[in-house]
> 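Mind looking over this structure? Questions follow.
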Amino acid sequence: MKKLRLPEAFPKKAALYTALAASTALMNFSLPQREPLSFALLFAALSCGLDPFLCGGAYIIASASALSLQATLCCALQAAALVLISCIYRRYNRSAGWERAAYAAAAQIPFIFLFPHAGYALFSFSVVWQKTVIAAFFFLLSLLFDGGLEALLRRAFRCRLNAQALAEISLMWLFLGMGIFNAFGATAFTSVCILFLLAAVCLTKSAASVPFAVVLSLPICVMKASAAPCAIFAVYACLGLLFIPYGKAAATLAAGACYVAVQYLSGVFDKGAAEIVFSLLAFALPALACVCTPESIYKRAEHGLLFYRERTLPRVAINRNRRAVGEQLYEISALFREIENAFTDRETTDHAGERIREQLTEKLCAGCPSRRRCEKENVGESLDKLIAVGCAKGRVNLIDLPADVSALCGNSAGLLFALNKQLAEYSRCAHELESAREGRRLLAEQARGVSEILRGIALEQSEEYSFSEGEKAVSAALSASGILSSEIFVYGEGGNLTVSMTLKSGLNGKRVCEIAGNALGVPLALAEKIPLTADRACYVLKRKANFDAAFGVASVPKEGEQASGDTHSILKIDERRFLVALSDGMGSGEEAREVSDRALNLLESCYKAKMPSKTVLSTVNKLIAYSSDERFACLDTAAVNLDTGTADIVKIGSPVGFLLSGEELRVLEGESLPIGMLEAVHPATMRVNMKENDFLIFMSDGVTTAFGSPTELCAYLSALRPLNPQSLAEEILSAALKRYGGKADDDMTVLAVRLMKAA
């Protein structure tokens with residue numbers, strides 16, 4: 001037998017119509033004579049497009065609360081009229097407009113003339129007029145319930161509800177709560193309210209649960225004609241909020257203690273045991289239900305509420321723009337990759353020897369009488385060997401001439417002259433070809449570097465900003481400290497964590513960072529403060545690095561020179577990395593300084609653009625080589641990560657550097673030629689792990705030469721116990737000058753970096 005499968009939407013629809021039927025039945029208990037107040041709910045349900053037959057059937061069954069066949073007949077006529085009109089509109093695929101009010105008013109006629117009613121002694125006019133007034137009240141409620149039910153079914157948890165919708169929903173709860181109170185008693189009603197109240201406290205963990213508690217208490221306030229329940233329910237919510245940071249159990253126990261105290265003061269414990277137990281269970285059962293509800297359910301509901309409360313459209317717009325920019329950058333990155341491929345050399349076969357031989361044969365051997373004899377003796381192979389020697393040496397002479405060629409060729413001198421002329425032309429073309437090839441390689445490397453930069457930015461831009469649990473934590477922490485923020489935006493992970501918030505512009509940035517950092521469990525620092533209005537600003541906080549750095553530089557030019565050929569750079573690459581560099585131009589004075597500056601400026605620009613290190617070094621070397629006019633530069637660079645303390649060090653033709661760590665001294669040296677001396681640089685690269693209070697020291701050759709030997713320099717540095725990098729740099733420079741007799745024989749520069757634990 002085939003198993004019947006229900007549609008996926010069936011459970012939701014079943015729950016909806018079950019809740020609607022229960023609400024319809026309970027609302028008829030709101031008024032003393034069981035007047036069909038649920039007519040307003042029936043009208044609202046039909047206006048919202050719910051199934052007319054199910055809604056009408058529920059309304060007719062609910063009329064049984066009046067315990068009168070005449071009342072059931074009255075409700076059946078009302079339901080029939082509204083269901084018929086609803087079916088007609090559905091048949092013609094139309095929606096009712098203002099005329100709905102006329103249908104609601106007309107449907108009250110059976111109530112006025114058929115519903116059994118004894119009248120209220122409070123009013124002196126006749127029962128018919130009293131029923132007319134009640135019918136008018138039902139008519140007004142129908143219009144209000146229409147908006148409230150529509151807000152519950154279609155807008156709740158999808159967008160922010162306005163004040164009117166919230167008031168209409170509260171009015172619906174007022175009459176539903178009165179029905180529960182009359183049908184099951186005050187204790188049962190209180191138990192239902194406690195369940196909703198504790199769930200709201202555990203879910204929102206915010207002050208929003210206090211007005212919610214007040215709304216919950218409205219029915220019992222009306223039934224008892226007292227405002228005391230309103231205050232009591234507000235106290236329950238406040239106590240729950242005070243203890244909710246310690247867990248759901250703590251919040252329910254605090255509210256439960258208050259509940260027991262209220263029951264004691266109201267005299268419940270002076271009554272029978274059954275009533276006492278029933279009263280205590282009224283709180284214990286909903287409290288147990290809230291505590292035992294799995295946390296995953298609260299998380300899902302909380303996420304829905306967060307989405308409901310937050311302004312989602314700006315995030316959607318931001319993500320859409322970031323995604324579009326990321327895609328465009330990725331396409332541009334692919335374009336530069338294709339440019340790289342276009343400029344990359346392909347392996348080609350050099351046929352220069354064959355071409356040279358063809359030209360020699362055409363010019364010298366075409367009219368030679370000995371040509372046939374040379375061909376017969378296979379002199380061509382010897383000629384190929386001679387040409388190969390010439391291509392390798394650049395020219396040939398009589399010594400290089402093979403014996404068989406010398407014996408058979410009657411014009412050996414002319415052959416050598418013509419061959420040397422061809423080799424000179426070949427050398428010139430080869431040099432031009434190699435220059436063009438090197439230029440293409442440089443362009444290809446640059447295209448690859450730009451492609452990788454754009455690809456990295458594209459991946460970063462494509463990351464979407466989603467809702468973060470940290471935003472709520474930061475908001476709660478700021479509120480607890482008396483700081484109110486209208487907007488909080490937390491995004492990114494690890495070192496890229498960023499917190500943006502709108503606060504009063506006069507707040508202490510360090511205090512804000514401390515509060516937000518404690519809420520998120522990470523150290524934060526104020527990265528930017530953007531004024532928005534006269535008294536509001538956007539505070540941008542970023543994750544603070546584990547380390548900080550201090551720098552010291554001491555420099556003196558060569559005696560008699562106005563400018564030093566040494567230049568240095570201290571560059572902040574991003575929030576978590578910095579670059580230090582020392583460049584020593586060959587020679588001294590303005591020319592050496594120009595080369596040194598050029599190398600550093602190129603280096604800084606490439607690192608700022610986040611170009612890969614390998615591409616940076618190759619590019620800088622080639623550009624300096626092409627334009628330096630035989631002037632070169634030695635270079636020391638270190639890119640330091642402030643999170644880990646690792647330093648990537650590159651040394652190109654520079655003297656030794658040092659890492660001073662407590663009493664331990666580590667020598668950092670390389671063996672490559674200065675930058676610009678060769679077209680392909682082979683730098684010495686190394687990675688060192690710096691710790692707190694370690695010193696990294698770079699020196700130009702004017703300083704290291706003053707000490708005579710690396711051994712003497714190491715002995716001097718090992719004896720130092722520096723406190724700050726500036727005094728260390730000045731002390732080393734002073735010691736070097738003393739060894740020169742007080743006069744600098746060369747440009748002298750010391751660059752020192754100290755790594756410190758971040759405050």
Side-chain angles (χ1 to χ4, degrees), residues 15-16 18-20 22-23 25-27 29-30 41 148-149 151-153 156-157 161 165-224 228-244 248-259 262-263 278-295 297-302 304-305 308-309:
L16 170 64
T18 300
L20 181 66
S23 300
L26 289 171
M27 277 193 178
F29 286 90
S30 301
L41 190 59
L149 188 62
L152 274 178
L153 296 179
F157 299 100
L161 298 181
L166 292 174
E168 290 169 345
I169 294 171
S170 300
L171 185 65
M172 292 174 63
W173 165 250
L174 172 63
F175 289 103
L176 179 59
M178 289 170 59
I180 296 173
F181 186 96
N182 288 330
F184 300 106
T187 304
F189 173 79
T190 302
S191 183
V192 173
C193 292
I194 291 292
L195 176 64
F196 291 153
L197 190 152
L198 292 178
V201 170
C202 295
L203 184 61
T204 64
K205 300 180 180 67
S206 69
S209 56
V210 177
F212 180 71
V214 172
V215 172
L216 285 176
S217 67
L218 290 179
I220 196 170
C221 290
V222 172
M223 299 306 298
K224 291 189 174 183
C230 179
I232 292 171
F233 274 67
V235 171
Y236 292 159
C238 291
L239 285 173
L241 290 175
L242 286 175
F243 286 87
I244 194 61
K248 295 180 291 184
T252 54
L253 285 175
C258 182
Y259 176 82
V262 170
Q263 299 305 304
F278 186 61
S279 176
L280 294 178
L281 286 176
F283 186 93
L285 292 178
L288 187 64
C290 288
V291 172
C292 294
T293 300
E295 193 65 30
I297 295 178
Y298 283 111
K299 288 293 183 183
R300 286 199 298 269
E302 189 175 4
L305 284 177
Y308 161 68
R309 290 197 306 267

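Residues: numbered from 1 along the sequence shown. This is a predicted model, so every value here is computed, not measured. Just so it is clear, the values below take in all heavy atoms, side chains as well, and ignore hydrogens, waters and symmetry mates.
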> Out of curiosity, L197 CG to T190 OG1, how far, rounded to the nearest 0.5 Å?
11.5 Å
> Considering all heavy atoms of both residues, which atom of I169 and which atom of A151 are nearest to each other, and what is their separation?
CD1-CB, 4.2 Å
> S217 and C230: which non-hydrogen atoms are nearest, and at how many Å?
OG-CA, 3.2 Å
> Please walk me through it: do F212 and T204 pass side chain to side chain contact (heavy atoms under 4.5 Å, CB included)?
CA-CA 11 Å; F212 180 71; T204 64; over 6 Å; no
> Between the main-chain N or O of A186 and the side-chain N or O of K224, is there a donor-acceptor pair closer than 3.5 Å?
no
> Taking all non-hydrogen atoms of both residues into account, name the closest pair between L239 and A254 and its distance.
CD1-O, 3.9 Å
> Does the side chain of F175 come within less than 4.5 Å of L41's, by heavy atoms?
no
> Give, for atom CE of M27 and atom CD1 of I180, the distance between the pair rounded to the nearest 0.5 Å.
9.5 Å
> Under the ring-ring contact (aromatic ring centres under 6.0 Å, His included) rule, collect the residues that match up with F181, sequence neighbours excluded.
none
> Any chance you could measure L203, atom CG, to T293, atom OG1, to the nearest 0.5 Å?
10.5 Å
> Before giving the answer on side chain to side chain contact (heavy atoms under 4.5 Å, CB included), spell out for L166 and V215 the whole-Å C-alpha distance, their side-chain angles and the decisive distance to 0.1 Å.
CA-CA 10 Å; L166 292 174; V215 172; over 6 Å; no
> Let me confirm one number: the CG-CE distance from L26 to M178, rounded to the nearest 0.5 Å.
12.5 Å
> Closest heavy-atom contact between I244 and A251?
CD1-CB, 3.8 Å
> Locate the shortest heavy-atom distance separating N182 from F29; write the atom from each residue and the value.
ND2-O, 2.7 Å
> How many angstroms lie between CH2 in W173 and CG in L176, if you round to the nearest 0.5 Å?
5.5 Å
> Begin with the C-alpha distance, continue with both residues' side-chain angles, and end with the deciding distance and a verdict on side chain to side chain contact (heavy atoms under 4.5 Å, CB included) for Y236 and L198.
CA-CA 9 Å; Y236 292 159; L198 292 178; over 6 Å; no
> Please give me the minimum heavy-atom distance between Y259 and S279, naming the atom from each residue.
OH-O, 2.7 Å
> Give a yes or no on whether the backbone of T187 and the side-chain of S191 come within a donor-acceptor separation of less than 3.5 Å.
no
